[in-house]
Amino acid sequence: MLSNYKIPGFILVSLGGLFLSSGGTLFKLFETSDVWAIYFWRSFFFTPAVLFFLFFSSKNKIIDKFKSLGLIGIFCAALYATGSGAYMFAMKHTTVANVLFIISTQTFMLAIAGYFVLKEKINLSTFVAIILAGIGIYIMIGTRISNGTALGNAFAFITPLCFTTIVIIIRKFHQTDMVPAVALSGIFCMAAGAIMTGNLSINIHDIILAFLFGSLQYAPGFICLTLGSRTTESAKVGIFAFTEAIAGPIWAWIFISENPSLGVFVGGAIIFCALLLKTFKK
């Protein structure tokens, strides 16, 4: 397992954010407009990728790891599935800027939840980094927020709520490996997608995108976030996960020709300073 190679938790969280940063761009590239079909096919490729990781890291202990999840692991899997589905529906019903801005509130949610639920203290450098990150994300996209739709904004808020709860669960039950819960969430997603979609047929272009979306973007992203959250304080998880906000506009610029404003670079630089602050100062 990645954690067995002594990779620091904050690096795993940062890597997770980088993997997940291309999600909005990949979603916008799909030709089908059926979110449930995308939800199904992404999970179709996502689930085997996570199971392969579990086999590689655990081998003959996979069954035991699933059994050890218990009800809290099943609940965690349901949160993963709910958050990822809400993310895609938010992208469909409101702007990318709205979604990124709303998801960024998880930084503050994690700090507050960690303080009150886990009694994790917030030192001065962490507090400064949170403020810097908040200023950075506002400069990046806050001034470009559109009204969008109430439905889309509501979906977007579900994602940080789910992620915050997941991190608190992982921190509280750090002795339980929650990566199997990530795999289980893929099964939940496939079941929901198959039931809710009217037609699972998609073209080759979208099949390739679903493979990239599930196997090479979503799976490694949440594996890294899950493993990294076990050893990283809740408030710091939110800070290091901001790599998603930094890299997201870059992928959109490269692949779907969304020209970034000056604010993206200025805000990104401020967030990068926040990451550096917590990288070199505990």
First locate atom OG1 of Thr126, then atom CD1 of Ile131, and finally report the distance between them rounded to the nearest 0.5 Å. 11.5 Å
Taking everything shown except Phe66 itself, do over 12 heavy atoms lie less than 6.0 Å from its CZ? yes
Taking every heavy atom of Gly9 against every heavy atom of Thr231, the minimum-distance pair comes out as CA-OG1, 3.4 Å
Heavy-atom nearest pair, Leu132 first then Ile270, reads O-CG2, 3.3 Å
Contact check, side chains of Phe52 and Thr47, non-hydrogen atoms, under 4.5 Å: no
Using atom types as modelled and distance alone, determine if a side-chain donor or acceptor of Ser215 lies under 3.5 Å from a backbone N or O of Phe45. yes
Report the distance from atom CG of Leu227 to atom CG of Leu15, rounding to the nearest 0.5 Å. 11.0 Å
Test side-chain contact (heavy atoms from CB on, under 4.5 Å) applied to Val182 and Phe46, step by step: CA-CA 9 Å; Val182 179; Phe46 160 77; 3.3 Å; yes
Considering only distance and modelled atom types, tabulate donor-acceptor pairs under 3.5 Å from the side chains of residues 205-213, sequence neighbours left out.
from	atom 1	to	atom 2	distance (Å)
Asp206	OD1	Glu31	N	3.0
Asp206	OD2	Glu31	N	3.3
Asp206	OD2	Thr32	N	2.9

Where does the angle between the aromatic ring planes of Tyr39 and Trp36 fall among parallel (under 30°), tilted (30 to 60°) and perpendicular (over 60°)? perpendicular
Charged N-O contact under 4.0 Å between Lys121 and Glu233: no
Do you reckon Leu79 sits in the same ILVMFWY cluster as Phe173, going by side-chain contacts under 4.5 Å, direct or chained? yes
Does one hydrophobic cluster hold both Leu161 and Ile169, with members joined at side-chain heavy-atom distances below 4.5 Å? no
Quick one: which of Ile170, Thr176, Val179 gives a side-chain contact (heavy atoms from CB on, under 4.5 Å) with Arg230? Ile170
Are the side chains of Ser104 and Glu244 in touch, meaning some heavy atoms are under 4.5 Å apart? no
same_hphob_cluster(Ile168, Ile72) at 4.5 Å side-chain heavy-atom cutoff: no
Side chains of Phe75 and Thr165: closer than 4.5 Å at any heavy-atom pair? yes
Set out, in order, the CA-CA distance, both residues' side-chain angles and the distance that settles side-chain contact (heavy atoms from CB on, under 4.5 Å) for Leu225 and Leu12, then state yes or no. CA-CA 6 Å; Leu225 282 175; Leu12 288 174; over 6 Å; no
Of Tyr80, Phe53, Phe19, which is the lone residue that meets ring-ring contact (aromatic ring centres under 6.0 Å, His included) with Phe222? Tyr80
Check: Ser84 and Ser185 side chains under 4.5 Å, non-hydrogen atoms: no
What about Met109 and Val117, same hydrophobic cluster or not, with Ile/Leu/Val/Met/Phe/Trp/Tyr joined at side-chain heavy-atom distances under 4.5 Å? no
Atom pair CG (Leu151) and NE2 (His93), whose distance is rounded to the nearest 0.5 Å: 5.0 Å
Does the side chain of Arg171 come under 3.5 Å of the side chain of Thr232 through a donor N or O and an acceptor N or O? no
So which heavy atom on Val237 is nearest to which on Val13, and how close? O-CG1, 3.5 Å
Looking only at side chains, do Ser234 and Glu120 share a donor and an acceptor under 3.5 Å apart? yes
Ala183 and Val50 have their tightest heavy-atom pair at CB-CG1, 3.6 Å
Any donor-acceptor pair under 3.5 Å linking the side chain of Trp41 with the backbone of Leu200? yes
Same apolar cluster (I L V M F W Y, side chains within < 4.5 Å links), Phe27/Met196: yes
Look at atom CZ of Phe44 and say whether more than 12 heavy atoms of other residues, nucleotides or ligands are closer to it than 6.0 Å. no
Below 4.5 Å, heavy atoms only, C-beta onward: do Phe116 and Ile112 meet side chain to side chain? yes
Any chance you could lay out the side-chain contact (heavy atoms from CB on, under 4.5 Å) test for Lys236 and Phe10, step after step, and finish with the verdict? CA-CA 8 Å; Lys236 295 179 184 178; Phe10 74 90; over 6 Å; no
Donor-acceptor pair, distance only, cut-off 3.5 Å: does the side chain of Lys28 make one with the backbone of Met91? yes
Determine, step by step, whether Phe157 and Ile103 satisfy the side-chain contact (heavy atoms from CB on, under 4.5 Å) criterion, reporting the C-alpha distance in whole Å, the side-chain angles of both residues, the deciding distance to 0.1 Å, and the verdict. CA-CA 7 Å; Phe157 267 113; Ile103 288 178; over 6 Å; no
Which atom pair, heavy atoms only, marks the closest approach of Pro180 to Leu69? CB-CD1, 3.8 Å
Spacing of Thr82 atom OG1 and Ile158 atom CD1 [to the nearest 0.5 Å]: 8.0 Å
d(Ser22 OG, Gln217 CD) to nearest 0.5 Å is 4.0 Å
Side-chain heavy-atom pair Ile166, Thr226 within 4.5 angstrom cut-off: no
Does Thr25 reach the main-chain N or O of Ala252 with its side chain, forming a donor-acceptor pair under 3.5 Å? yes
Is the shortest heavy-atom distance from the side chain of Leu110 to the side chain of Phe163 under 4.5 Å? yes
Is a donor on one side and an acceptor on the other found under 3.5 Å between the side chain of Thr197 and the backbone of Ala194? no
So how far is it from Lys61 NZ to Ser68 OG, rounded to the nearest 0.5 Å? 11.0 Å
In short, Lys65 meets Ser58 closest at the heavy-atom pair CE-OG, 2.8 Å
